[in-house]
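Have a look at the structure below before the remarks.
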2 protein chains.
Amino acid sequence: MDKNELRNKLISTATQLFAERGLNGVGIRELSKAAGVSISMISYYFGGKEGLYSSVLQDQFSSFEHIEEIHKADSEALDKIEAYIRWIIVRHRNNPYLLRFYTSELTNPTQYFSLIVQPAIGKVIQLLVQIIEDGIARKKFRKDLNPVDTVLAMAGMVNYYFLSTLATQELINHSPDRDEELIRHYMDIFTKGILS
Amino acid sequence: MDKNELRNKLISTATQLFAERGLNGVGIRELSKAAGVSISMISYYFGGKEGLYSSVLQDQFSSFEHIEEIHKADSEALDKIEAYIRWIIVRHRNNPYLLRFYTSELTNPTQYFSLIVQPAIGKVIQLLVQIIEDGIARKKFRKDLNPVDTVLAMAGMVNYYFLSTLATQELINHSPDRDEELIRHYMDIFTKGILS
DNA sequence: ACCCCTAAATCGAACGTTCGTTATAATTCT
DNA sequence: AGAATTATAACGAACGTTCGATTTAGGGGT
């Protein structure tokens with residue numbers, strides 16, 4: 001048995017339960033039972049329930065660190081934007097729980113927001129702002145764009161698609177099969193607008 | 001003293017506390033003390049803590065019922081879209097707590113989601129889809145738009161601006177003074193895209 | 001090879017606190 | 001008088017943490 005198997009089992013179980021019902025919605029008895037581990041292991045490994053939550057958060061937002069990969073050396077601003085949209089979608093597909101922690105921390109920040117969440121989000125936004133500014137400087141994009149607003153518009157479009165899943169299940173097909181179509185569609189709207 | 005003053009005081013206090021810390025993050029002792037009301041009144045008026053939460057939810061999403069006002073008889077699709085964006089912004093300005101319940105119920109639905117939240121959101125989306133479809137039919141909008149995706153893109157842009165407030169405080173000014181600029185800017189991006 | 005010792009890992013029980021609810025009696029208002 | 005509201009206490013259940021005991025693994029002495 002791996003030395004860290006128990007630790008990892010706790011984190012993966014906690015990720016699912018905290019995501020589904022929130023930090024205060026899950027007790028450590030239920031959590032440890034679901035993980036098949038003794039209740040005391042939570043304090044032993046993480047210093048307590050809050051420590052476990054912070055480890056979960058750290059794990060969830062660690063995916064943000066690889067955002068630089070969007071910068072494919074010699075690609076154009078538009079390609080980078082598409083790469084970003086693709087990156088968000090892949091992120092949500094690979095980790096359906098991230099959005100819960102994301103919105104939960106943005107609307108009800110815990111003490112770990114400024115240490116874990118804010119830096120991760122800030123890094124991405126900064127990078128995207130640079131891409132937009134670059135596009136404006138090269139006269140690819142309109143020069144009257146506010147870079148930050150523009151970035152939020154783009155990020156909002158994509159993230160909201162996943163956020164609204166529960167409310168739009170009967171209106172559209174959310175299956176990954178449609179992701180490519182979605183990317184093309186959102187790129188189209190974002191670059192050319194909806195006017196004919 | 002109004003007969004309903006106590007009831008309203010409980011709802012407004014609960015709205016703030018539930019929004020800030022979630023249903024499970026607030027105890028009824030703290031809640032009743034903050035409202036300046038006896039603890040037994042929660043069960044007396046609402047049948048318990050959950051009942052109070054459901055009343056808060058109902059109150060929060062009641063604002064969605066006046067969405068029809070966007071339909072100014074003889075206005076164009078574009079004007080209706082701007083009216084919607086304006087309506088969202090006013091809604092968030094008037095009630096800074098709504099977004100918390102909105103995202104919380106979308107990512108961690110309680111038993112009241114399908115009764116209160118889903119119908120409210122569904123109604124708005126349906127209306128917006130009609131607007132887009134109408135615009136397409138009148139050849140104002142591109143005919144290759146997927147109406148639902150388009151609506152989500154628009155709603156996402158605006159809502160995400162408010163959702164991301166905590167993470168973008170140091171990047172942009174979120175004061176209402178800038179709302180008109182924001183509306184013009186988002187209308188611009190949404191209709192004409194970012195390309196120059 | 002065997003035993004001993006230690007440190008880490010793991011366990012389940014118990015602790016004191018807080019939870020939401022309910023009952024009761026006193027008080028205030030109409 | 002009667003209704004509304006109060007404060008308080010009690011209830012069992014659940015909470016997060018802690019503690020002593022047990023198991024496990026490995027190294028050193030023989």
Side-chain angles (χ1 to χ4, degrees), chain A residues 1-59 101 104-105 108-113 115-116, chain B residues 1-59 101 104-105 108-113 115-116:
Chain A
M1 197 199 288
D2 231 3
K3 182 173 178 292
N4 284 337
E5 184 179 335
L6 192 148
R7 210 189 121 96
N8 293 337
K9 184 75 189 149
L10 269 175
I11 289 208
S12 69
T13 307
T15 299
Q16 176 177 357
L17 290 179
F18 284 155
E20 283 169 358
R21 305 215 297 277
L23 173 55
N24 294 312
V26 188
I28 59 171
R29 264 164 259 271
E30 177 188 7
L31 205 161
S32 57
K33 179 166 286 184
V37 151
S38 170
I39 191 176
S40 29
M41 291 298 94
I42 293 173
S43 283
Y44 184 74
Y45 276 111
F46 303 96
K49 187 191 179 187
E50 289 239 320
L52 173 54
Y53 178 77
S54 108
S55 291
V56 167
L57 223 51
Q58 205 117 42
D59 180 55
F101 295 103
S104 164
E105 284 290 330
N108 301 94
T110 66
Q111 57 174 136
Y112 307 107
F113 174 80
L115 261 75
I116 301 175
Chain B
M1 197 200 286
D2 231 4
K3 181 173 177 297
N4 283 337
E5 185 178 336
L6 192 148
R7 212 189 120 96
N8 293 337
K9 184 75 189 151
L10 268 175
I11 289 205
S12 69
T13 306
T15 299
Q16 176 178 357
L17 290 180
F18 285 156
E20 282 169 2
R21 308 214 296 276
L23 173 56
N24 294 310
V26 189
I28 59 171
R29 283 171 180 81
E30 176 190 7
L31 205 160
S32 56
K33 180 165 285 185
V37 152
S38 173
I39 190 177
S40 14
M41 291 298 96
I42 293 175
S43 281
Y44 184 73
Y45 276 111
F46 302 97
K49 188 192 181 186
E50 289 238 322
L52 174 54
Y53 177 78
S54 107
S55 291
V56 166
L57 223 51
Q58 203 118 42
D59 180 56
F101 295 102
S104 163
E105 284 289 331
N108 302 93
T110 65
Q111 57 174 137
Y112 307 107
F113 174 80
L115 259 74
I116 301 175

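Here is the naming used below: chain letters follow the sequence lines, and residue numbers restart at 1 for every chain.
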Q. What is the distance from OH of A:Y45 to P of C:dC11, rounded to the nearest Å?
A. 9 Å
Q. Within this structure, what is the CD1-to-P distance between A:I42 and D:dT17, rounded to whole angstrom?
A. 9 Å
**Q.** Spatial distance of atom CG (B:L57) from atom CD (B:E50) [nearest 0.5 Å]
**A.** 11.0 Å
Q. Between A:Y53 and A:F18, what is the ring plane arrangement, given parallel below 30°, perpendicular above 60°, and tilted in between?
A. perpendicular
Q) To the side chain of A:M41, which of C:dT10, D:dT5, C:dG20 is closest? A) C:dT10
Q: At under 4.0 Å between heavy atoms, which parts of nucleotides 18-26 of chain D does protein reach? Answer with one letter per nucleotide, 5' to 3': B base, S sugar-phosphate only, - none.
A: BB-------
Q) Side-chain contact, heavy-atom cut-off 4.5 Å: A:L52 with A:I28? A) no
Q.
Please give me every residue in residues 22-34 of chain B whose heavy atoms get under 4.0 Å of an atom in DNA chain C, ordered by residue number.
A. B:V26, B:G27, B:I28, B:R29
Q.
Over all strands shown, is B:G36 touching base, sugar-phosphate only, or nothing at heavy-atom distances under 4.0 angstrom?
A. sugar-phosphate
Q.
So A:L10 and A:L31, do their side chains get closer than 4.5 Å, heavy atoms only?
A. yes
Q. When rounded to the nearest 0.5 angstrom, what is the spacing between CG in A:L17 and CG in A:L23?
A. 12.0 Å
Q: Quick one: pull up CD1 in B:I42 and OG in B:S32 and give me the separation to the nearest 0.5 Å.
A: 5.0 Å
Q. Where each residue is assigned the nucleotide of DNA chain D containing its nearest heavy atom, which of A:K49 and B:V37 is assigned the position nearer the 5′ end?
A. B:V37
Q.
Evaluate A:L115 against A:Q58 for side chain to side chain contact (heavy atoms under 4.5 Å, CB included), listing each step before the verdict.
A. CA-CA 9 Å; A:L115 261 75; A:Q58 205 117 42; over 6 Å; no
**Q.** Rounded interatomic separation in angstrom, taking CZ from A:F46 and C1' from D:dT17
**A.** 16 Å
Q.
Counting C-beta onward and ignoring hydrogens, is there a side-chain heavy-atom pair between B:E30 and B:R21 closer than 4.5 Å?
A. yes
